[in-house]
Amino acid sequence: MGVQEKARTIIQPRLLKGFRDSLPASEIPKKAIIATLEALFSSYGFVPIDTPALEYTEVLLGKGGGETDKQIFHFQDNGGREVAMRFDLTVPFARFLALHLNELPLPFKRFHINKVWRGENPQKGRYREFIQCDFDIVGADNAEADYEILSVMDASFAAMGVEGVNFHLAHRGLFSQMLAHLGIGEHNTEILRTVDKLRKIGRDEVKIELTALLASQEKALDILSYIDKEDGDESFLATLERLERLSGGESEHSRRMRSIHGYLASATIADRFILDPSITRGLDYYTGLVYETFLEALPHYGSVCSGGRYNDLAGLYTKQHLPGVGSSIGLDRLMSALEELESPIVRAGSSADVAIIDIRDRFTQCDRAARLLRQAGLAVSVYLGEKKIGAQYKWVEEQTIRYALLSDDEGTFTVKDLVDKRTWTQLSGEDAVTTIKKERI
RNA sequence: GUGGAAGUAGUUCAAAGGUAGAGCACCAGAUUGUGGUUCUGGCUGUUGCGGGUUCGAGUCCCGUCUUCCACCCCA
């Protein structure tokens, strides 16, 4: 009866829809990836910032509009203020810029890695709480800044060891110019939205939708000829020339794209960047270059890194005109995709290099060895339970710790490699250090 | 937010209205002489949750929550 009584008072340990716990097996690689990205951004001179998770609703909603209104988590705080949780890192950054402009060097390069929240219906790789890694350059409107963001994107995926990545580039200004050239500029946003679905629903379906939208199959075909490559292998520059033709000749937009491609080519990374006019990026603040990033093996996962150029980011919050270009990596979606690909990056997750076991009677000796190993730069985890030796080995392997160190009666140590099943006996503390450091390479 | 599918032990999956089960995992003991073998024994569930139909519901019906899929949108 007493037991039943207790059972009834237990609170169900449940999670909110779209929110997840992260166990060591996923948190360790996640932290490793974040550390890699932070080091990479820093190597380009980008500096870290942070902003609050919670802001005034009016600040985050801006002018208000469409989808963000529905997706944003908002409520009244205990003081009756209308507050909202940030749904991306770009809008808070704009507010941040307006507030701190005279404290910042321009051009300003920052990165920001943190959680954001969207009240969207979850699916695989889509959650209500997820981490974004943003990096932006504000205060520079030129091809060099555009190029540098693309360069950081490419270097980021290389640093994470992710292969088979393609960056799809387009230019919003160029697209609008084409529509104006065709005399159908007024349907701009609807056309963008339809074109954006090309990869998902296919050319034929897009043609049907555009025809319905414009009440003209001829114009639909004109637009399709803009976003359709004549052949799959059409080069960046050949595509660019075709876009120039369809949008009425050379322009500042096409010249910008040509310059960016020139820099990418000089850096010998141009082959991973594809000019893909079907990339449009919804209807946000983007005005120039836009891009999305796809994994060759999992195109249906959608973009894992997107962004573009916005020419008046902080316009909602200040009269100062601030051009910028930036990008955002969706870390949780990327990790979800990499897990599906069984990528080694998300598998590597040890809590330590060495575990020390069987220490019940020789704790001091073992702790001395642990301190020695730590001083030598190894991560060491000491077993603190009371189980038998077999269970201790299991504990070590559960955490994918590769080496176990045991203390012998003679005051020496035994090191075991639990992966290759090798054993070294009668080692001094120093020998144990050198053995492990040598073997683990 | 709209529409569809699914939810059984820690896990993978059985049980086609009639006593909720199996493998793996887990726990204890023996053996292994600084583990992984073998043997013996054991635990595990309010069948996601809440109602309803029925003599009887894991199974049928309704609601709800979560996951997955599509739309929408996006990372």
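Just so it is clear, the structure is predicted and the values come from calculations on it, not from any experiment.
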Seminar exercise, completed: Value for OG (A:S327) from CD (A:E292), rounded to nearest 0.5 Å, stands at 10.5 Å

For this session: Using a cut-off of strictly less than 4.0 Å, decide whether A:R126 has a side-chain nitrogen or oxygen near OP1 or OP2 of B:U67.
Result: no

For this session: Please work out if A:D408 contacts a base, only the sugar-phosphate, or nothing of the nucleic acid, heavy-atom cut-off 4.0 Å.
Result: base

Exercise. Taking atom C1' of B:G48 as reference, at what distance in whole Å does atom CG of A:L15 sit?
Worked result: 13 Å

For this session: Using the P atom on both, measure B:A9 against B:U2 and round to a whole Å.
Result: 30 Å

For this session: In whole angstrom, give the distance that lies between atom CD1 of A:I131 and atom P of B:A75.
Result: 16 Å

Exercise. Between the side chain of A:R86 and the main-chain N/O of A:L60, is any donor-acceptor distance below 3.5 Å?
Worked result: no

Seminar exercise, completed: Of the candidates B:U34, B:C73, B:A75, the side chain of A:R333 sits closest to B:A75

Problem set entry | Under 3.5 Å: donor-acceptor pair, side chain of A:R333, backbone of A:R126 | no

Exercise. Quantified in whole Å, what is the C1' atom distance between nucleotide B:G52 and nucleotide B:U40?
Worked result: 48 Å

For this session: For A:C305, report the nucleic acid contact type (base, sugar-phosphate, nothing); a contact means any heavy atom under 4.0 Å.
Result: sugar-phosphate

Exercise. At under 4.0 Å between heavy atoms, what does A:T414 touch on the DNA or RNA strands: base, sugar-phosphate, or nothing?
Worked result: base

Problem set entry | B:G17 to B:U12 separation - P atoms, rounded to the nearest Å | 26 Å

For this session: Considering only atom P, compute the distance from B:U46 to B:G41 and round it to an integer number of Å.
Result: 27 Å

Seminar exercise, completed: Output for pair (A:L406 CG, A:L427 CG), nearest 0.5 Å, gives 11.0 Å

Collect all protein-nucleotide pairs involving nucleotides 1-8 of chain B in which both atoms are nitrogen or oxygen and the distance is under 3.5 Å.
unit_1, atom_1, unit_2, atom_2, d
B:G1, O6, A:N121, ND2, 3.4
B:U2, O4, A:N121, ND2, 2.7

Seminar exercise, completed: Per side-chain contact (heavy atoms from CB on, under 4.5 Å), A:D136 is matched among A:Y310, A:F46, A:F111, A:F108 by A:Y310

Exercise. Any donor and acceptor pair, going by atom type alone, linking the side chain of A:N311 with main-chain N or O of A:P323 inside 3.5 Å?
Worked result: no

For this session: Pick the C1' atom in B:U64 and in B:A70, then give their distance to the nearest Å.
Result: 22 Å

Exercise. Just wondering, do A:F167 and A:M153 contact through their side chains at under 4.5 Å, heavy atoms?
Worked result: yes

Seminar exercise, completed: The residue, A:T425 or A:S303, whose nearest nucleotide of RNA chain B is more 5′ is A:T425

Problem set entry | Atom-pair distance (CD1 on A:I33; C1' on B:A75), nearest Å | 14 Å

Problem set entry | Rounded P spacing from B:C27 to B:C43 in Å | 16 Å

For this session: Respond yes when some side-chain nitrogen or oxygen of A:Q123 is under 4.0 Å from OP1 or OP2 of B:A70, and no when none is.
Result: yes

Exercise. Any idea which of B:G35, B:A75, B:U67 is nearest the A:P122 side chain?
Worked result: B:U67

For this session: Select base, sugar-phosphate, or nothing to describe what A:L418 touches, counting heavy atoms under 4.0 Å on all strands.
Result: base

Exercise. Distance check: side-chain N/O of A:K394 vs OP1/OP2 of B:C26, anything under 4.0 Å?
Worked result: yes

Problem set entry | Integer-rounded Å distance: B:A30 C1' and A:I389 CD1 | 18 Å

Problem set entry | Closest-nucleotide 5' rank along RNA chain B - winner of A:I329 and A:L406 | A:L406

Seminar exercise, completed: Here the helical stems involving RNA chain B, each at least 3 consecutive Watson-Crick or G-U pairs closer than 3.5 Å, sorted by first residue number, are B:1-7 with B:65-71, B:10-13 with B:21-24, B:26-30 with B:38-42, B:48-52 with B:60-64

Problem set entry | Ionic contact status for A:E27 with A:K31, cut-off 4.0 Å | yes

For this session: Determine, for A:D88 against A:R118, whether the closest basic-nitrogen to carboxylate-oxygen distance falls under 4.0 angstrom.
Result: no

For this session: Describe the nucleic acid contact of A:G18 in one word from base, sugar-phosphate, nothing, applying a heavy-atom distance below 4.0 Å.
Result: sugar-phosphate

Exercise. From A:T293 OG1 over to A:F273 CZ, what is the distance, rounded to the nearest 0.5 angstrom?
Worked result: 8.0 Å

Seminar exercise, completed: Here the distance between atom C1' of B:U67 and atom CG of A:L16, to the nearest Å, is 14 Å

Exercise. Is A:R118 side chain donor-acceptor paired with the B:C74 base, going by distance under 3.5 Å alone?
Worked result: no

For this session: Give me the one residue out of A:R81, A:H74, A:R95 that meets side-chain contact (heavy atoms from CB on, under 4.5 Å) with A:Y56.
Result: A:R81

Exercise. Mind checking the P distance from B:G58 to B:U53? Whole angstroms is fine.
Worked result: 16 Å

Seminar exercise, completed: Here the distance between atom P of B:A25 and atom CD of A:E398, to the nearest Å, is 12 Å

For this session: Could you check how far OH of A:Y286 sits from P of B:C74, rounded to whole Å?
Result: 10 Å

Exercise. In whole angstroms, how far is the C1' atom of B:U11 from the CG atom of A:L23?
Worked result: 14 Å

Exercise. What's the shortest heavy-atom distance between A:T287 and A:R172, and which atoms?
Worked result: O-CB, 3.8 Å

Problem set entry | Separation of the P atoms in B:A22 and B:U34, to the nearest angstrom | 37 Å

